[in-house]
Structures are given as structure tokens and as C-alpha cells.
Amino acid sequence: MEAMRQAVERARAAFKSGRCRSLEFRIQQLKALERMVHEREKEILGAIEADLHKCGHNAYSHEILGVLGELALAMAKLPSWAAPQAVKRNLLTLRDEAYICAEPLGVVLIIGAWNYPFVLVMQPLIGAIAAGNAVVVKPSEISEHTAQLIADLLPQYIDPELYPVVTGGVPETTELLTQRFDHILYTGNSVVGKIVMAAAAKHLTPVTLELGGKSPCYIDKDCDLAVACRRITWGKYMNCGQTCIAPDYILCEPSIQDKVVENIKRTLQEFYGEDVKKSPDYERIINKRHFRRVLALLEGQKIAHGGEADEASCFIAPTILTNVSPEAKVMEEEIFGPVLPIVTVKSVDEAIEFINRREKPLALYVFSNNKKLIKRVISETSSGGVTANDVIMHFFLATLPFGGVGNSGMGAYHGQHSFETFSHRRSCLIKDLKMDGANKLRYPPSSQKKVDWAKFFLLKRFNKGRVGLIVLALLGVVAAVVIKMVYY
Ligand code: NAD
């Protein structure tokens with residue numbers, strides 16, 4: 001425990017030394033991370049395989065590509081992200097310099113989850129380094145091989161004092177959370193999210209909580225079901241259903257339920273062959289606890305496909321449940337496994353109502369040929385993110401902020417959004433000491449005349465582009481003259 005306190009203290013001292021302030025230093029660290037990923041690719045893929053039974057191709061696409069993409073983006077864009085942003089001025093500040101300056105927060109704690117054990121630690125780490133922070137990294141102990149590898153590799157490539165790795169489980173994380181941080185990004189379930197937020201509140205530390213929940217998927221009957229079901233099958237069963245933004249359940253009208261099942265069954269065969277257990281593309285449940293939890297969700301349900309399981313290897317076959325009651329246990333908690341319930345609804349109105357009666361999800365999916373219907377579903381519901389006519393894909397577009405809302409989380413990251421999450425947007429206004437006459441307006445004694453002028457200066461809006469600017473400048477000159485006449 002003492003080691004943990006020391007690691008945080010060393011990170012703070014290293015941050016205070018100022019060496020991560022320069023953009024050159026940050027880019028150099030990001031380059032080193034990129035070199036690490038290239039040089040140690042085999043070990044990284046091996047650790048992910050050991051944790052999640054994931055083949056090299058899939059581990060590369062799910063975890064390494066995203067990290068390399070985020071690194072390339074951050075290195076290319078950091079100078080523009082970090083550049084001061086000039087802001088519009090009003091009549092009172094026309095002669096001044098006004099801008100927003102992104103400054104590092106200090107020491108950031110990143111707590112990762114096990115389901116994508118590499119990318120969920122590395123992507124926020126990249127953003128936090130780019131923003132100039134020191135970072136304490138805490139990978140999930142449940143994906144133990146990847147956690148150990150991250151702890152071994154990071155100090156070999158990036159500054160070990162600025163970016164220490166702490167390993168361990170609940171006792172270690174609990175202890176770590178007693179330390180003071182300047183920001184915490186936590187990925188995991190909502191129950192622990194509350195623990196993290198409560199611990200952070202003791203130090204008034206802001207948090208980004210990347211949580212989960214039940215992400216609904218509405219399929220309209222006016223839709224290419226073969227394509228829709230192929231995309232849904234891919235997103236639902238990848239990583240054995242253990243994806244935070246996997247479609248958790250399907251909502252559709254009773255008339256298309258059987259066709260949905262048929263299309264998903266056909267796709268499962270295309271993807272994983274006759275014997276899914278032998279497919280190199282099909283992963284396993286992370287451990288026996290989660291295996292039993294997921295299996296228990298099948299009790300009393302009508303299994304339209306799948307349901308086979310093997311505890312020794314934590315295998316659960318891709319499973320579809322039909323005519324599921326909204327009150328069923330499988331509809332109460334996030335499934336986080338390869339089980340896809342279908343709940344029938346009479347119409348899109350009922351689907352919207354169904355979604356809105358529950359906690360705000362992390363992701364929402366809608367399939368339809370009708371753009372109006374898609375836009376309606378988006379405008380009448382709320383969720384962390386939405387993809388229409390596909391699943392998962394909004395995660396991969398770095399210009400979109402990735403995060404939840406309400407019970408599915410707070411704050412967001414990815415690309416420039418990560419940089420902003422780990423930066424303080426400092427307001428800077430630089431004036432000179434001349435023309436103090438104008439300030440008489442705000443200095444006592446007060447008068448109605450002063451209030452009227454203040455109203456003019458602060459409330460006047462000119463939205464006519466170039467002409468407006470010229471008028472504004474002229475008014476500024478007139479105002480300065482008037483002030484001089486009135487107050488001197
Ligand atoms: P987990 O068990 O790996 O826990 C996450 C982290 O919390 C770990 O580092 C762990 O050490 C720590 N932790 C666990 N219990 C703790 C406690 N009592 N006090 C302090 N720290 C504690 O992961 P999990 O929670 O099983 O992850 C699955 C959940 O995460 C799902 O709900 C999933 O949807 C969500 N998730 C969200 C995202 C996202 O980006 N929004 C990504 C992945 C997973």
C-alpha cells in the first residue's frame with residue numbers, strides 16, 4: 001500500500017518538474033508507445049489470447065488497431081489541439097487579447113476494465129499523455145495476463161515516474177482511490193462507478209465514468225433484415241458478447257421476430273461454421289463467476305437457438321431468446337455475454353416508450369430504411385451514442401465523443417475529446433493598463449447612466465459578418481469618446 005502512495009507521489013513530483021509540459025516531450029512519449037506496440041505486438045496478442053481466448057487477427061483488430069489509430073491522430077494533431085484558441089470579444093474587450101488555453105490537469109488515474117484489457121487502458125492513456133499529465137495506470141486484475149504485461153512494458157518505453165502502473169484487485173484499487181488525483185477515468189460497471197465517484201468527491205476530483213448498461217436495438221419492419229441481422233450478429237457475439245456497446249436486446253414487431261431469428265442463425269453459421277466451439281473467431285467468457293451469471297439468465301426462457309455451455313472452458317454458445325417478457329431477469333441487468341433476447345413491441349412508439357422507461361443506455365441502435373423514423377427514434381430517446389443501420393461503429397469514429405449519459409456514465413473521450421477531457425480549458429484575458437476611463441463604468445459610485453451604458457456594451461449583438469464588425473469597431477470608438485466626455 002505504501003508502494004502505491006509512493007508511486008502517486010513520484011508521479012506528482014515528476015509532473016511538478018514540468019518536463020511533460022512541452023509538446024515535444026509528449027510527442028516523444030507517444031512515439032515510444034507506438035514503438036512499444038510495434039515491437040511487442042506478439043506479446044500483447046499473446047496476453048489477450050490468454051485472457052479472452054481471442055485469436056491474433058481479432059485481438060489485432062479489436063485492440064491494437066484502435067491504439068495505433070489514436071496514437072497517429074494524437075501525434076499529428078497535438079500542436080493544433082494544444083494551440084491557444086482565440087475567442088470572440090465584446091465591446092468592452094475589443095482591444096484585449098482573449099483566448100482559451102488548454103493546460104494539463106496534473107496526475108490522472110486511469111482504471112481499466114477486463115473486456116478489452118489493452119485498448120481500454122491505452123486509449124485514455126494516450127489522451128492523458130497528449131494533454132501533458134502524469135498518469136497512474138491501473139489495469140483490471142481480471143484480465144491478469146494483459147495487466148501484468150502492461151505493468152512490465154510501459155516502464156520500458158515511457159517515463160516510469162510520470163506514468164507508473166499499479167496492479168492488483170479491489171484492496172489495491174480501494175487504497176489507490178484514497179490518494180489525491182486531479183482526474184479519474186474509470187471504465188467498468190455502475191456499482192463500482194459509484195464507489196469511484198464517492199472516493200473522488202473526497203478530494204473534489206472530477207471523474208469520467210465509462211460505464212455500461214443495456215443497449216437496445218430496434219429493428220423496423222421496413223428494413224433489409226439480412227443485412228441488419230448480419231451487422232447485429234457481428235456486434236453482439238464478438239468478444240463472446242462481452243462488449244460494453246454490444247446490442248443487449250432486440251425490439252421488433254412480432255411479425256418479423258421469426259425472420260430475425262432465421263437471419264441471425266444463418267449468419268452465425270457463416271461466421272463461426274458448424275461447430276462454433278472450434279471457431280478461432282469465437283471467444284470465451286472471462287471467468288467462472290461470469291459464466292454462471294450469464295447462464296442463470298437463461299433460466300425459464302424460450303431458447304430459439306444456442307444455449308449450449310461448457311463450464312470447464314467457460315464456453316457459452318451464441319444464444320437467441322424469443323418472446324422475452326420485459327420483466328424477465330435477462331431484461332433487468334446488462335447481459336455482457338452471448339445471449340440475445342428478443343422482446344416484441346407493437347410499433348416504434350412502443351419501442352421508444354420501452355427504451356425511455358429504462359436507464360439511459362450507453363448505445364442505441366435502430367435499423368430502418370426510413371430516415372424519418374431513425375431521426376425520430378434519436379430525437380425522442382437518449383443514450384451515450386447512437387449508430388443507425390449498424391452497431392458499434394460510432395466507437396471507431398474518433399471525431400465522435402465516446403461516453404455514456406446518466407446511468408451509463410459521464411464524460412467522454414477519443415481523439416480530441418480525450419485531449420479535452422484531460423485538459424483544463426483556461427480562460428485567458430490580457431488587457432493593458434491604458435484607457436482606464438472606460439472602467440469608470442464599473443467603478444463606484446453607480447448611476448442609472450452607467451447601467452444604461454453597461455447594457456449597451458454587454459447586450460448589443462451584431463450578427464452581420466464583416467459589416468457588423470466595422471459597425472462594432474466604430475461604435476467602440478464612439479463609446480470611448482462618449483465615456484471620456486461623460487465621466488471626465
Ligand atoms: P472489472 O471487474 O475489470 O472492474 C473494473 C475496474 O474496477 C478494475 O480495474 C477493478 O480493479 C476495479 N474495481 C472492481 N471492484 C472495485 C471496488 N470495489 N473498488 C474499487 N475498484 C474496483 O470490470 P467490470 O466492472 O466487470 O466491467 C464490465 C462493465 O464495464 C460492464 O458493465 C461494461 O458495460 C462496462 N464497460 C464499459 C466500457 C465503456 O467504455 N463505457 C468499456 C468496457 C466495459
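Only a predicted model underlies this, so the values are computations on that prediction, with no experimental measurement involved. Counting starts at 1 for both ligands and their atoms, in listed order.
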Participant: Measure Phe402 to ligand 1 on non-hydrogen atoms and call it side chain, backbone, both or neither using the 4.0 Å cut-off.
Facilitator: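 Contact part for Phe402 vs ligand 1: side chain (C-beta onward).
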Participant: To check you understand the geometry: which heavy-atom pair defines the closest contact between Phe422 and Leu185, and what is its length?
Facilitator: CZ-CD1, 3.7 Å
Participant: Heavy atom to atom 9 (O) of ligand 1, shortest distance: which of Lys138, Gln242, Lys194, Glu210 holds it?
Facilitator: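 The option holding the nearest heavy atom is Lys138.
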Participant: I'd like to check which ligand 1 atoms, numbered from 1 as shown, lie under 4.0 Å from a non-hydrogen atom of Leu362.
Facilitator: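 In order of numbering, the contacting atoms are 41 (N).
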Participant: What residue and atom, counting heavy atoms only, is the protein's closest point to atom 17 (C) of ligand 1, and at what distance?
Facilitator: Val170 CG1, 3.7 Å
Participant: Can you tell me which residue and heavy atom of the protein come closest to atom 8 (C) of ligand 1, and the distance to 0.1 Å?
Facilitator: Gly112 O, 3.4 Å
Participant: Should you measure from each heavy atom of Gly212, which atoms of ligand 1 turn up under 4.0 Å away?
Facilitator: 32 (O), 34 (O)
Participant: Atom 3 (O) of ligand 1: which protein heavy atom is closest, and how many Å away?
Facilitator: Ser140 OG, 2.6 Å
Participant: Please say which of Tyr282, Phe315, Tyr237 ends up in a ring pair (Phe, Tyr, Trp, His ring centres under 6.0 Å) with Tyr272.
Facilitator: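 The passing option is Tyr282.
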Participant: Can you sort out which atoms of ligand 1 are near Ile111, meaning under 4.0 Å from one of its heavy atoms?
Facilitator: 6 (C), 7 (O), 9 (O)
Participant: Would you please say whether a donor-acceptor pair under 3.5 Å links the side chains of Asp281 and Asn58?
Facilitator: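 Yes, Asn58 and Asp281 have a side-chain donor paired with an acceptor closer than 3.5 Å.
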Participant: Could you tell me whether ligand 1 has any atom less than 4.0 Å away from a heavy atom of Gly409?
Facilitator: no
Participant: When you measure from atom 34 (O) of ligand 1 to every protein heavy atom, which one gives the shortest distance, and what is it?
Facilitator: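 Protein heavy atom at minimum distance: Glu334 OE2, 2.6 Å.
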Participant: Who passes side-chain hydrogen bond (donor to acceptor under 3.5 Å, both in side chains) against Asn407, sequence neighbours left out?
Facilitator: none
Participant: Can you pull the salt bridge (charged side-chain N to carboxylate O under 4.0 Å, His left out) pairs that have at least one residue in residues 298-322, sequence neighbours excluded?
Facilitator: Lys277-Asp310, Arg292-Glu311
Participant: Answer with yes or no after comparing the ring centroid distance for His414 and Phe395 against a 6.0 Å cut-off, counting only values under it.
Facilitator: yes
Participant: Should Glu103 and Arg426 count as an ion pair when the cut-off is N to O under 4.0 Å?
Facilitator: yes
Participant: Does Ile142 approach ligand 1 within less than 4.0 angstrom via side chain, backbone, both or neither, non-hydrogen atoms only?
Facilitator: side chain
Participant: Counting only heavy atoms not in Met197, do more than 12 sit closer than 6.0 Å to its CE atom?
Facilitator: no
Participant: Can you tell me the protein heavy atom closest to atom 43 (C) of ligand 1 and the distance?
Facilitator: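 The closest heavy atom on the protein side is Asn115 OD1, 3.1 Å.
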Participant: Between Glu141 and ligand 1, which residue portion shows a heavy-atom distance shorter than 4.0 Å: side chain, backbone, both, or neither?
Facilitator: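 Glu141 to ligand 1: side-chain contact only, backbone stays beyond 4.0 Å.
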Participant: Which ligand 1 atoms, with their elements, are less than 4.0 angstrom from a heavy-atom of Thr173?
Facilitator: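 Taking each heavy atom of Thr173 in turn, ligand 1 has 11 (O), 20 (C), 21 (N) under 4.0 Å.
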Participant: Ion pair present between Lys259 and Glu262, side-chain N to carboxylate O less than 4.0 angstrom?
Facilitator: no
Participant: For ring pair (Phe, Tyr, Trp, His ring centres under 6.0 Å), just list the numbers for Trp114 and His290, CA-CA rounded to whole Å, side-chain angles, deciding distance to a tenth of an Å, and then say yes or no.
Facilitator: CA-CA 12 Å; Trp114 53 263; His290 281 286; 5.3 Å; yes
Participant: Can you find an N or O of Gly188 that's nearer than 3.5 Å to an N or O of ligand 1?
Facilitator: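 Among all N and O atoms of Gly188, at least one is under 3.5 Å from an N or O of ligand 1.
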Participant: Starting from atom 4 (O) of ligand 1, locate the nearest protein heavy atom and write down its residue, its atom name and how far away it is, to 0.1 Å.
Facilitator: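 For this ligand atom, the closest protein heavy atom is Tyr186 OH, 4.3 Å.
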Participant: Examine distances only and state if a side-chain atom of Arg358 and a backbone atom of Phe354 form a donor-acceptor pair shorter than 3.5 Å.
Facilitator: yes
Participant: Suppose I only count heavy atoms of Leu211 and a 4.0 Å limit; which atoms of ligand 1 are within that range?
Facilitator: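 Checking each atom against Leu211, I get 37 (C), 38 (C), 39 (C), 41 (N).
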Participant: For the pair Arg12 and Asp182, find out whether any cationic side-chain nitrogen is under 4.0 Å from an anionic carboxylate oxygen.
Facilitator: yes
Participant: What atoms of ligand 1 come closer than 4.0 angstrom to any heavy atom of Phe336?
Facilitator: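 Under 4.0 Å from Phe336, ligand 1 has these atoms: 28 (C), 31 (C), 33 (C), 34 (O).
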Participant: Counting non-hydrogen protein atoms only, what is the nearest one to atom 36 (N) of ligand 1? Give residue, atom name and distance.
Facilitator: Cys244 CB, 3.5 Å
Participant: Looking at atom 22 (C) of ligand 1, what's its closest protein heavy atom, distance included?
Facilitator: Val192 CG1, 3.5 Å
